[in-house]
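Since the structure comes first, as structure tokens, the remarks are kept for the end.
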Amino acid sequence: MKSLPRGRHGLSREFVAQNQRERLLSSIAECLHERGYERSTVSAISRHARVSKSDFYRHFESKDVCFAAAYDDSAERLRTEALAACADRRDWSGGVCAALAAILAFLAREPARANLLLVEGLRAGPDIYDRFQATVQSFVPELADGAPAPASSGRSPEAIDEAVVGGVASLLGRRVLAGETEQLERFFPDIVEFVLTPYVGTEEARRIVSTR
Amino acid sequence: MDALAELSSEQGYEATKISDIVRRAAVARKTLYDNFSGKEEVFLGAFDAAVEEAVRRVERACAAAEGGWEEQVDAGLAAFLGYVAEDPALARMCLIEALSATPETTRRHEDAHQLFVELAERVFPKAPRVPPTTAEAVVGGVERIVYREICEDKAGQAEDLLPELSEFMRGPYLHSGAHGGANN
């Protein structure tokens with residue numbers, strides 16, 4: 001994100017503050033991506049965002065607070081794009097494919113945010129880890145909404161929804177960790193097959209994959 | 001190490017102090033430092049021992065299972081869930097605390113996850129039509145469910161989920177022109 005012009009620029013104080021906040025949120029993800037959590041100090045983040053350290057502290061009381069806000073911001077962007085892609089819920093499997101494609105495209109396009117959301121963020125302590133788990137959890141009801149009942153004889157078929165979402169999150173995290181963020185979209189057919197199989201069976205899942 | 005597992009599952013890794021560990025374990029502070037350089041090393045020691053034990057149990061159960069790969073999957077899964085149920089505090093330490101306690105414990109957790117992915121790959125049939133990433137996703141899904149059980153203090157009943165998880169694990173490999181399991 002571009003920094004604002006220096007000196008007198010006639011922009012409102014609210015506009016400047018909002019712009020600074022957004023720059024800090026995207027800078028922390030980039031800093032983390034380049035330097036890791038420990039070395040992403042308040043000075044490094046502020047420098048990256050072209051914001052003074054005192055402005056940093058006007059927005060966030062500490063690095064951890066900024067970090068948590070950045071995590072929530074990235075998670076919300078990912079969720080928004082995924083849900084927008086499957087807004088039409090009449091066709092469940094089509095919606096799942098569209099949402100997965102949007103998720104992969106977002107992560108591949110935003111490697112710093114992918115790293116924050118799925119890998120480095122988890123190394124930043126229990127608070128961010130809880131946010132990771134909550135984000136994963138938030139996709140469970142979305143997947144379950146309109147899904148055919150999984151062919152399960154167990155007493156809690158809803159566990160399948162959660163296992164599927166958890167499996168995708170784990171797979172994506174491992175691919176990001178392996179440095180494959182920018183090629184994530186090539187896992188689209190694998191992931192679609194994995195996600196659809198418990199609900200429609202392997203054969204039908206493969207048929208759907210082959211039509212995309 | 002048992003004391004740390006109990007304490008970190010009760011109050012979290014960060015809040016657990018060396019003084020708590022030695023009190024709970026009823027050992028002298030010196031004894032702890034004779035064996036470990038500090039809290040992180042105690043944690044990693046306990047973590048590695050638990051992973052080793054879990055892998056050993058799963059491998060033994062798979063090897064002892066009669067039938068094909070389906071039975072091996074069920075036996076391995078049952079052994080894993082049984083270990084979780086037997087020691088929920090240790091399970092919480094390994095499957096929750098380890099992920100965010102320190103950067104080194106996070107790495108150690110990733111390595112352990114990889115071990116289980118490889119273990120699953122050895123048991124699942126070699127089915128050319130199944131995407132190569134399936135074992136990873138399946139293991140991640142099982143871990144997620146166990147995570148939720150631990151969070152909800154239901155780790156003691158983890159084995160109740162055996163039917164659902166068994167179907168979840170087998171599903172992608174059914175009707176796949178599968179030929180041969182781990183032993184073939």
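On a predicted model such as this, the values are computed, not experimentally measured, just so you know.
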- [ ] Please name the pair of heavy atoms, one in B:Leu161 and one in A:Ala159, separated by the smallest distance, quoted to 0.1 Å.
- [x] CD2-CB, 4.2 Å
- [ ] Quick one: closest heavy-atom pair of B:Pro132 and A:Asp190, and the distance?
- [x] CD-OD2, 3.9 Å
Could you tell me which portion of [X] (side chain, backbone, both or neither) has an atom closer than 4.5 angstrom to a non-hydrogen atom of chain B?
X	value
A:Phe132	neither
A:Ile191	neither
A:Glu193	side chain

Task: B:Thr133 versus chain A, the contacting section by heavy-atom distance below 4.5 Å - done: both
Open item on the list: Heavy-atom cut-off 4.5 Å, strictly under: side chain, backbone, both or neither for B:Val139 against chain A?
Closed with: neither
Open item on the list: Measuring from atom OG1 of A:Thr202 to atom CZ of B:Arg170, what distance do you get when rounded to the nearest 0.5 angstrom?
Closed with: 13.0 Å
Task: Point-to-point distance, once rounded to the nearest 0.5 Å, from OG1 of B:Thr106 to OH of A:Tyr129 - done: 9.5 Å
- [ ] Go through the steps to decide whether A:Gln137 and B:Arg144 satisfy the test side-chain contact (heavy atoms from CB on, under 4.5 Å), and finish with yes or no.
- [x] CA-CA 10 Å; A:Gln137 186 64 47; B:Arg144 171 78 201 180; 2.7 Å; yes
TODO: With chain B as the partner chain, list the residues of residues 60-74 of chain A whose heavy atoms fall under 4.5 Å from it, by residue number, and write 'none' if nothing qualifies.
DONE: none
Open item on the list: So if I take each residue of residues 80-105 of chain B and look for any heavy atom under 4.5 Å from a heavy atom in chain A, which residues do I end up with?
Closed with: B:Leu95, B:Ile96, B:Leu99, B:Ser100
Note, [X] side chain near [Y] side chain (heavy atom, < 4.5 Å):
X	Y	value
B:Val117	A:Arg174	yes
A:Phe194	B:Val138	yes
A:Arg175	B:Glu136	yes

Task: Enclosure of B:Asp111 CG (heavy-atom neighbours >12, cutoff 6.0 Å) - done: yes
- [ ] Tell me, with the steps shown, if A:Val164 and B:Phe168 meet side-chain contact (heavy atoms from CB on, under 4.5 Å).
- [x] CA-CA 8 Å; A:Val164 167; B:Phe168 172 71; 3.9 Å; yes
TODO: Report the C-alpha separation of B:His113 and A:Ser170 in whole Å, then their side-chain angles, then the decisive distance to 0.1 Å, and conclude whether the side-chain contact (heavy atoms from CB on, under 4.5 Å) test is met.
DONE: CA-CA 10 Å; B:His113 191 93; A:Ser170 170; 3.4 Å; yes
